[in-house]
Amino acid sequence: MTDPLTAPRGMDLLTLGVAAGPAIRGPEHGIASAVVVDDAFYLVDFGLGCTRAASEAGLAGHRFRAGFVTHLHSDHVVELPGFLLWNWGRPVNGFSSPVRVIGPGPDPRDGTRHLAGTSRLVASALDAFSYDIAIREGDEDRPPLAELVRATEVAAPEPGSAAAGEPFEVYADELITVTAVLVDHPPVHPALAYRIDSAYGSVTFSGDTAESENLVRLAEGTDVLVHEAVNLDYYRARGFSPAFLAHQENSHTPPAGAGRVAKAAGARRLVLSHFAGLADTAHWHGEAASTYDGPVDVATSGARYRVGGPSGAGGRA
Ligand SMILES: [Zn+2]
């Protein structure tokens with residue numbers, strides 16, 4: 001176990017995976033990010049490959065405190081069960097005290113369909129693997145997993161209500177405070193952006209969204225804005241269906257839009273991630289830099305950024 005007295009102090013952002021999905025169109029891991037504050041870390045989304053990426057970044061499960069799910073598209077949560085099972089208990093240097101998973105509930109407009117929100121997703125996963133979990137609790141002396149994983153669904157404001165545009169707190173411990181706001185990712189609802197503040201600085205995650213005024217409000221003055229990006233031309237050139245193209249246009253943000261959001265929020269650094277469609281680095285960077293004067297990074301899986309500090313915006317480490 002890392003000794004807190006000798007652990008490096010400060011705040012880092014790690015872009016563990018940067019690809020949209022559910023499709024494998026390149027070498028990058030699926031969307032997932034880690035925020036490390038002193039000796040603890042937190043995840044935002046659990047895309048394909050996040051378990052390996054976190055391990056390779058040196059993030060042992062015993063340092064994990066909480067995970068924040070932006071929305072329930074599978075490319076953001078598919079490896080949540082795997083991450084928990086691979087980071088649980090002393091045999092894997094994993095967590096032995098409670099951890100939190102915070103995310104959206106089911107869409108309240110869905111009526112009688114009874115679709116699963118974050119809590120049922122976690123409970124179902126633990127049930128699906130109950131044989132393995134029971135075996136390991138007895139055979140390997142691991143602590144009871146179901147008691148350690150505490151899932152909470154965010155009470156999102158009603159769309160169209162006065163509160164719908166306002167950030168609200170969803171989590172706090174002695175190291176960080178996390179606030180969320182509704183973003184525009186139709187037909188998905190609730191879809192959330194998160195902002196993590198610590199004594200060192202702040203990182204704001206767009207989640208999946210079209211260009212969002214709410215996100216501008218959440219990200220005001222943030223040190224690092226991690227924003228999704230879509231290359232619509234990639235899909236147009238490959239004959240995707242009109243419905244698929246309409247979703248990309250209405251629910252995602254081209255890099256120039258991410259730049260506009262960063263500028264309007266006064267973000268000190270823009271990190272593009274969650275790349276939908278492929279493009280070279282120059283495309284992503286150039287489009288965002290056409291609307292935003294600050295530093296722009298095109299994230300890759302495993303990249304690390306220092307957050308805050310004397311120079312403010314930090315930088316790629
Ligand atoms: Zn999505």
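Note that the coordinates shown come from a computational prediction; the quantities given were computed from them, not determined experimentally. We count ligands from 1, going down the list as the structure has it; atoms in each ligand are counted the same way.
When the N, O or S atoms of His71 are ranked by distance to the Zn ion (ligand 1), NE2 comes first. Sorting the N, O or S atoms of His73 by how far they are from the Zn ion (ligand 1) puts ND1 first. The closest approach of Asp208 to the Zn ion (ligand 1), by N/O/S atoms, is made by OD2.
Looking only at atom types and distance, the side chain of Tyr200 has a donor-acceptor partner in the side chain of Asp38 under 3.5 Å away.
The residue from Ser212, Ser251, Ser206, Pro190 that alone fulfils the side-chain contact (heavy atoms from CB on, under 4.5 Å) condition with Val183 is Ser212. When Trp86, Tyr42, Trp88, Phe41 are each tested for a ring-ring contact (aromatic ring centres under 6.0 Å, His included) with Phe64, only one passes: Phe41.
In this structure, Thr70 contributes its side chain and Ala193 its backbone to no donor-acceptor pair below 3.5 Å.
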